[in-house]
Enquirer: 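Dumping the structure here so I can ask a few things about it.
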2 protein chains.
Amino acid sequence: MRIGELAARAGTTTRTLRYYEARGLLPARRDGNGHRTYDEGDLRLLEQIRTLQDFGFGLEETRPFVECLRAGHPEGDSCPASLVVYRRKLDELDALIGQLTAVRETVAGQLRRAERARDELAAEALVPGGPEPGCELGGMTR
Amino acid sequence: MRIGELAARAGTTTRTLRYYEARGLLPARRDGNGHRTYDEGDLRLLEQIRTLQDFGFGLEETRPFVECLRAGHPEGDSCPASLVVYRRKLDELDALIGQLTAVRETVAGQLRRAERARDELAAEALVPGGPEPGCELGGMTR
DNA sequence: GTAGGCGTTGACGTGGGCGTCAAGGCAAGA
DNA sequence: TCTTGCCTTGACGCCCACGTCAACGCCTAC
């Protein structure tokens, strides 16, 4: 199998495969014309890489999985090094989700505050003898 | 106030301020020497930008807030355009948190499966007349 | 012959928000 | 006078996973 066919079967591009080879992640044999040659095992490795990439793993993080498969293990995560990457990624995800959730709540609070201020200004405009001045409540200046 | 002082007071760098000016976000007056000159209002604008940046807003997303302040409004989010950005950012955060949470659960499941497989292999090695062969349970080949 | 379709290497572009030189100007203090 | 310390513009680097283009080679079909 040559590079175009492998790329098509894995749903990726030849550029990506050449990039993986340059990074030492997915080396290829060569035929008489200098063309890259791959087999079904390479497809398996490539699928492993792509799956992890879809999960947001960096390329280097996929390396233990690929090497585990190449060592003959049944799954890419059959090796301790892969489990270490799993756990580290879980920690990273938890930290990131926590940060994003905190930001989300902060932004939601700011939006509610800004909408309330807007509504109060509108009400004030409707009632000429409205609330007293001097009602500054502070903004978001950290 | 010159650029170094403003940067120090805002906890950022002169490079950042020049970058903001190049993007048209925080233009500066010039003194006789061609040096950039800022006032307290600019510090306010800069603090607004930095706060939103800390929340993960892109620079362009801070523009409505800055222009709102420069138009004389009491807060950067006193204008409808800013509220639109708030709501869009909330939607983005919700989508992102949802995706990350789904990935987190998937990875956690993979980790549990891989650990179970490892433990079963270890148990099998301890009990020579252990379970029958042919127990492949499938991996993560999408 | 020639057009098409596959492959090759090399090199530059992308996005975002800056960091990091390089080369120079201008003002104040020892 | 010389240093120092601030400022100026311009340009390249970074990260990451590729996209895109250039210029070329090989094989097949018409």
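Within every chain, numbering begins at 1; the chains are lettered A, B, ... in the order of the sequence lines, protein sequences first and strands thereafter. Source: prediction; values computed, not measured.
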Enquirer: Would you mind telling me which residue lines up with the more 5' stretch of DNA chain D, Arg15(B) or Gly4(B), judged by nearest nucleotide?
Expert: Gly4(B)

Enquirer: OP1 or OP2 of dC18(D) sitting under 4.0 Å from any side-chain N/O of Thr13(A)?
Expert: no

Enquirer: Could you state the CZ-P distance from Arg2(A) to dT8(C), rounded to the nearest angstrom?
Expert: 8 Å

Enquirer: To the nearest Å, how far apart are Phe57(A) CZ and dA17(D) P?
Expert: 13 Å

Enquirer: How many Å lie between OH on Tyr19(A) and C1' on dT20(D), as a whole number?
Expert: 16 Å

Enquirer: Counting heavy atoms from C-beta on, name the nucleotide in dG19(D), dC18(D), dT8(C) closest to the side chain of Arg50(A).
Expert: dC18(D)

Enquirer: Of the candidate nucleotides dG7(C), dG17(C), dT8(D), which contains the atom at the shortest distance from the side chain of Leu59(B)?
Expert: dG17(C)

Enquirer: What's the CD-P distance between Glu21(A) and dG7(C), to the nearest Å?
Expert: 13 Å

Enquirer: In plain terms, say whether Glu40(B) and Arg9(B) are close enough for a salt bridge, that is, a side-chain N and a carboxylate O under 4.0 Å apart.
Expert: yes

Enquirer: Expressed as a whole number of angstroms, how long is the span from Tyr20(B):OH to dG16(C):C1'?
Expert: 11 Å

Enquirer: Can a salt bridge be assigned to the pair Asp77(B) and Arg113(A) using a cut-off of 4.0 Å between side-chain N and carboxylate O?
Expert: yes

Enquirer: When the distance from CD of Glu61(B) to C1' of dG15(C) is rounded to whole Å, what number comes out?
Expert: 14 Å

Enquirer: Should Asp42(B) and Arg29(B) count as an ion pair when the cut-off is N to O under 4.0 Å?
Expert: yes

Enquirer: Does the pair Arg104(B)/Glu92(A) count as a salt bridge with the N-to-O cut at 4.0 Å?
Expert: no

Enquirer: Give the rounded distance in Å between these two atoms: CD of Glu5(A) and C1' of dG5(C).
Expert: 15 Å

Enquirer: Answer yes or no: does a side-chain N or O of Gln53(B) lie under 4.0 Å from OP1 or OP2 of dG16(C)?
Expert: no

Enquirer: For Arg23(A) and dA17(D), give me the distance from atom CZ to atom P, rounded to whole Å.
Expert: 7 Å

Enquirer: For Asn33(A) and dG25(D), is the shortest distance between a side-chain N/O and OP1 or OP2 below 4.0 Å?
Expert: no

Enquirer: For dA17(D) and Thr12(A) - does any side-chain N or O of the residue sit under 4.0 Å from the phosphate oxygens OP1/OP2?
Expert: no

Enquirer: So, does the side chain of Arg18(B) form a donor-acceptor pair with the base of dT8(D) at under 3.5 Å?
Expert: no

Enquirer: Could you tell me which non-hydrogen atom of Val103(B) sits nearest to which non-hydrogen atom of Phe55(A), and how far apart they are?
Expert: CG1-O, 3.4 Å

Enquirer: Which part of the nucleic acid, if any, lies within contact of Arg36(A), taking any heavy atom under 4.0 Å across all strands shown: a base, the sugar-phosphate backbone alone, or nothing?
Expert: sugar-phosphate

